[in-house]
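Beneath this line is the structure, given in structure tokens, with notes to follow.
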Amino acid sequence: MRLQHLTLALIGLVFAIGLLGASGPVFASPAAAKPVVASTTPAPLPPGPKAPPSGGAMAQTCAGCHGTEGRLKAAAFMPLAGMPRAQFVQAMRDFRSGKRPSTLMGHVAQGFSDGEIDAMAGYFANVKPE
Ligand code: HEC
């Protein structure tokens, strides 16, 4: 009789441990998934001040409206390719300050420092307009 009770108790114990083991990972899985999400999030962050983005890299953000490399055959938006440096810098600074009225470019230009505008000016001035 005692052995039977002991056996039943052991079976019960094993069963209970099995349940714990099964429920453990179920509750743990959302928490375990989080570090995976967190570790992929920092990857697309822009480089720090020691590695400023190049004019060409920043110019990619202009492509949606001004065309790839600033070349746009449909004239809805002004093409930027081949724009003289000084003209580009002046346009961007005037958009940023509000001196030059704009629908969109005032908002766009506010995202860039003088150094970044200069870097993009160098990039676009060197792209040959088609
Ligand atoms: C959301 C669309 C959009 C984006 C993105 C955009 N632009 Fe513009 N851009 C315009 C529009 C529209 C104009 C005409 C002025 C206005 O109404 O804002 C313009 C005008 C300009 C001009 C004046 C061109 C000329 O012939 O005088 C420059 C320079 C310029 N954009 C540079 C840029 C640069 C550099 C970027 C990327 C950092 C950029 N734009 C991104 C829409 C855009």
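Order of listing sets the numbers, starting from 1, for every ligand and every atom in it. The analysis underlying the following values was restricted to heavy atoms, covering all of them including side chains, and did not include hydrogens, waters or symmetry mates.
Atom 8 (Fe) of ligand 1 has no N, O or S atom of C62 under 2.8 Å away, backbone or side chain.
At least one side-chain heavy atom of F88 sits less than 4.5 Å from a side-chain heavy atom of I117. Within the 4.5 Å cutoff, no side-chain heavy atoms of R96 are placed close to those of M105. Residues V127 and M83 fail the side-chain proximity criterion, which asks for heavy atoms closer than 4.5 Å. Looking at heavy atoms from C-beta onward, C62 lies in side-chain contact with M120 at the 4.5 angstrom threshold.
When each atom of ligand 1 is checked for a heavy atom of T61 under 4.0 Å away, the hits are 5 (C), 37 (C), 38 (C). Each of the following atoms of ligand 1 lies closer than 4.0 Å to a heavy atom of F88: 29 (C), 35 (C). Close approach of ligand 1 to L80 (heavy-atom distance below 4.0 Å) involves ligand atoms 28 (C), 29 (C), 30 (C), 32 (C), 33 (C), 34 (C). Heavy-atom contacts of F112 reach the following atoms of ligand 1: 38 (C) (cutoff under 4.0 Å).
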**OP:** Kindly indicate, with the supporting measurements, whether the criterion salt bridge (charged side-chain N to carboxylate O under 4.0 Å, His left out) is fulfilled by R85 and D118.
**Re:** CA-CA 8 Å; R85 272 188 100 108; D118 286 347; 5.7 Å; no
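At a heavy-atom distance under 4.0 Å, only side-chain atoms of V108, from C-beta outward, approach ligand 1. Contacts between E116 and ligand 1 below 4.0 angstrom, taking non-hydrogen atoms only, are absent altogether.
Taking only nitrogen or oxygen atoms, main chain and side chain alike, C65 does not reach within less than 3.5 Å of ligand 1. Checked by distance only, ligand 1 and H66 come closer than 3.5 Å through their nitrogen or oxygen atoms. An N or O contact shorter than 3.5 Å links R100 to ligand 1 by distance.
Without hydrogens or angle criteria, E116 side chain to S113 main chain gives a donor-acceptor distance under 3.5 Å.
Between M105, M120, H107, M58, it is M105 that holds the heavy atom closest to atom 32 (C) of ligand 1.
To the nearest 0.5 Å, the span separating NZ on K99 from CG on D94 amounts to 4.5 Å.
Of all heavy-atom pairs between F112 and T61, the closest is CZ-OG1, 4.0 Å.
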